[in-house]
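The chain is numbered in sequence order, starting from 1.
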Amino acid sequence: MSSVTLKGIYKRYPGGVTAVSDFALDIADKEFIILVGPSGCGKSTTLRMIAGLEEISEGELYIDQDLVNDTPPKDRDIAMVFQNYALYPHMTVFDNMAFGLKLRKTPKDEIRARVEEAARVLEIEHLLDRKPKALSGGQRQRVALGRAIVRNPKVFLLDEPLSNLDAKLRAQMRTELTKLHQRLATTFIYVTHDQVEAMTMGTRIVVMENGFVQQIAPPQELYETPVNRFVAGFIGSPQMNFIDAQVIDRGGVTYLHFGQSEIALPKEKGRKPEVLACVGREVIMGIRPENLHDEDMFLAQFPDAQVNMLVDVVEMMGSETYLYMTCEDRSITARVSPRSTTKPGDQIKVAFDTKRIHLFDKETEKAITN
């Protein structure tokens, strides 16, 4: 068992700065939890409090039901992988991976067996005699992971471990880390500002902003039912489009009116009591780029939800095409078929998939409906 429980955790610094506020989370054994959010949101501070590298100002932290607020880091049975790898430059890969075990007076035969097994899992057996300066960024990252694995900790803590790698290697290491989590069958707590990493790796994601937890949910739930505008805008790439719109009730149909444009909501969404309560008010409409379409079949499918747009930039990505458009002084992004023939400068009609529209309260920014 390697569960972690945080109850009402706060981190306050001298001068009245509160970095983390009322953080509460139950992490089950073998979960892969991701803490995600913009720089300065408190995610790394939370990880460091779990590690014991930062003192907890208020609240309780349990590892396997044991209160560990005052337990030194070395006695928490956790292993941390840092952003900068933190390898000893004068030591070989073998000695870097074995260092923690040597400090614990582990027998030499056991050290060798553990290091060689970790190196085999990470496919770095051929690097054991090299020093860090002779390794690539990806190889150094594997060594840092190997140093954590050999200790057989209850919990792995990873603080933006892939941020120094190039895009191709980062994508490869995401897959490797997911496989590693499955193979080791232990608890991972992973900090990142990259929502692609969060969406592809985590069993659950914790979205943070300004020290507060905004939402905790599995990736798909977070994507489809964000609780507020911040989560909706942070999760997803390209990010969700937001348009201020007025809610209108006409002839038993609910419309969203913005500028010279108007779209009709389907009955199952538009006649919800929480939506009808907004009639006559402005709300924030959100729609993801993949739910905007320029193809004839979609234009025929959504005759009451078409808007004129000016295409500014077209990015062909191979498997998809991004259209960056202007709609009445608003910037709108659509992710469309790679077969799209739309060109920069075109004036086109774009169909909104109205079943996929999100509405947020303009004052509180909380979700009205997803």
Quiz prompt | Candidate list Leu67, Val68, Asp26, Leu6, test side-chain contact (heavy atoms from CB on, under 4.5 Å), partner Tyr62, passing option | solution = Leu67
Quiz item: In the hydrophobic clustering (ILVMFWY, side-chain contacts below 4.5 Å, transitive), which residues join Tyr324, or is it alone?
Solution: Val313, Met317, Tyr322
Exercise. Tell me, please, whether Phe258 has Arg330 positioned over its six-membered ring: NZ or CZ under 6.0 Å from the ring centre and within 45 degrees of its axis?
Key: no
Practice problem: Can you see which heavy atom on Val81 is nearest to which on Gln141, and at what distance? | Solution: CG1-NE2, 3.4 Å
Exercise. Determine whether the side chains of Gln172 and Glu176 contain a donor N or O and an acceptor N or O closer than 3.5 Å.
Key: no
Quiz item: How about Asp249 and Thr254: does a side-chain donor come under 3.5 Å of a side-chain acceptor?
Solution: no
Quiz item: With no hydrogens and no angle check, do the side chains of Tyr223 and Gln195 hold a donor and an acceptor under 3.5 Å apart?
Solution: no
Practice problem: Could you tell me whether Glu58 and Arg12 have a side-chain N and a carboxylate O separated by less than 4.0 Å? | Solution: yes
Quiz prompt | Partner set under salt bridge (charged side-chain N to carboxylate O under 4.0 Å, His left out) for Glu365, not counting sequence neighbours | solution = none
Practice problem: Name all residues meeting the salt bridge (charged side-chain N to carboxylate O under 4.0 Å, His left out) criterion together with Glu262; count only those two or more places apart in sequence or in a different chain, and write none if there are none. | Solution: Arg250
Quiz item: Would you say the side-chain atoms of Thr45 and Lys11 include a donor-acceptor pair closer than 3.5 Å?
Solution: no
Quiz item: Looking only at atom types and distance, does a side-chain atom of His257 sit under 3.5 Å from a main-chain N or O of Val247, one as donor and one as acceptor?
Solution: no
Exercise. Please answer whether the main-chain N or O of Pro72 pairs with a side-chain N or O of Asp75 as donor and acceptor at a distance below 3.5 Å.
Key: no
